[in-house]
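These notes concern the structure reproduced below.
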Protein chains: 2
Amino acid sequence: MAEHTVKAFSEELDAIAQEVARMGGLAETAVNDALSAVARRDTELAQVVIQRDPKIDAAQREIEKRAIKLFALRQPMASDLRVVLTAWRIAGELERVGDLAKNIAKRALILNQDEPIQLTRSVERMGKIAGAHLKQVLDAYANKDVQAAINVWNADDNIDAHYNSLFRELLTYMIEDPRMISSCAHLLFIAKNLERIGDHGTNIAEYIHFLVTGEEIATQRPRAEAAE
Amino acid sequence: MAEHTVKAFSEELDAIAQEVARMGGLAETAVNDALSAVARRDTELAQVVIQRDPKIDAAQREIEKRAIKLFALRQPMASDLRVVLTAWRIAGELERVGDLAKNIAKRALILNQDEPIQLTRSVERMGKIAGAHLKQVLDAYANKDVQAAINVWNADDNIDAHYNSLFRELLTYMIEDPRMISSCAHLLFIAKNLERIGDHGTNIAEYIHFLVTGEEIATQRPRAEAAE
């Protein structure tokens, strides 16, 4: 390739990675705001999260479009191919994270119509961990830092452990006070969504490992999958 | 393009679509078997579903690999581009369907350790609808039948309505008999998984519409999203 073509190609690869980073920022904001909407019973903020979700979907489409163009015009090989493929895959994960944040926001709208319940605190704590997890993996992507990605990957156990204990805690509340059952069921789904956001973070960590090293992180995940 | 090249290209497009159809069959089987495992309390079948899931993931990777090759070597445009892009996207949806079926199977393993509960019938009924929905949309894909895809898209309301009524029914059971709360919570997640399988079917219907007509089915979905 002529030198200027190589330069243009390398710029396009940077640009798609930057678009993924931008999309990551949108997803991270959605998760944090959805959690604040639950914790502070902020209905307006919940609505903002819901309204903003199409921006995340649009970012995914933009990344797909760029990826297809790169596949077709540049026929990337080896590490360049991994850059494009990883961008596409991470965009898919982030789109799901956005959907989960939107779903949490929708449940906040319902929860805010009922009496406040104490358990939102535990959910908030779990949410902060899931949010931090997402931030760390996005930083690892920005810095192509495979060790940071592996750290996130190993930390998913922690989110699963939180989820499992919250699951039991919520069931206990339901048993003690049947009037709480409906609100607890929504919190149960919120907790499940957070656990799934953690899983998407773990998937992104796997893609970063593949991006940087060209190899799968491992065939089997060490983490105990949340069974419930 | 030389005639034999055109023929080879067209065969490759057919091959990727066939691989998607095959993957669809695997996902459909996983959903149906997971439901049978719940309904018949069949622990062995649940384990089979869990063990088979890597085949679905492998099919997705195979489709991605073929798609990248087609993007790079054939630089498809217009309707050919849509064939490749749709195959990639549908494979993504089917991978998630496989995961949801696996999750249902895991919950079957837990449910089968407790007393049987009557409500598995309602879940089974809902599951049959979700399974039929998936089958119809896969048939629509195989036949490139846009009208059949639109029918599936419109029918998603039905699954959501079932889910919402089941959600309420399960809460009532929990309130009436606190000993049921744990099993009901698992059934609640199974019902949610079925509702999500329905959503993936709806997404596939949208991709078929785009594949055949080159246009999005609509900007807004008519269906009332399951809020709970």
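Lettering of chains follows the sequences in order, A, B, ..., and the numbering in each one begins at 1.
- For a residue to count as touching a neighbouring chain, one of its non-hydrogen atoms must lie under 4.5 Å from one of that chain's; by this rule A:Leu109 does not touch chain B.
- Listed options A:Met77, A:Lys69, A:Met174 were ranked by heavy-atom pairs under 4.5 angstrom with chain B; first place goes to A:Met174.
- In this structure, A:Asp57 has no side chain to side chain donor-acceptor pair (under 3.5 Å) partners at least two apart in sequence or on a different chain.
- With a 4.5 Å cut-off on non-hydrogen atoms, B:Glu176 does not touch chain A at all.
- Neither the backbone nor the side chain of B:Leu170 has a heavy atom closer than 4.5 Å to any heavy atom of chain A.
- For chain A, no part of B:Leu70 is nearby; none of its heavy atoms comes within less than 4.5 Å.
- Checking each of A:Leu73, A:Val84, A:Ile68 against B:Phe71 for a side-chain contact (heavy atoms from CB on, under 4.5 Å) leaves exactly one that passes, namely A:Ile68.
- For the atom pair CZ of A:Arg89 and CD of B:Glu64, the computed distance is 4.0 Å after rounding to the nearest 0.5 Å.
- Salt-bridge check for B:Glu95 with A:Arg96: passed, with a basic side-chain N closer than 4.0 Å to an acidic carboxylate O.
- Considering all non-hydrogen atoms of both residues, B:Pro178 and A:Ile175 come closest at O-CG1, 3.9 Å.
- Taking every heavy atom of both residues into account, A:Ala185 and B:Leu188 meet most closely at CB-CD2, 4.1 Å.
- Heavy atoms of A:Arg179 lying under 4.5 Å from chain B are absent altogether.
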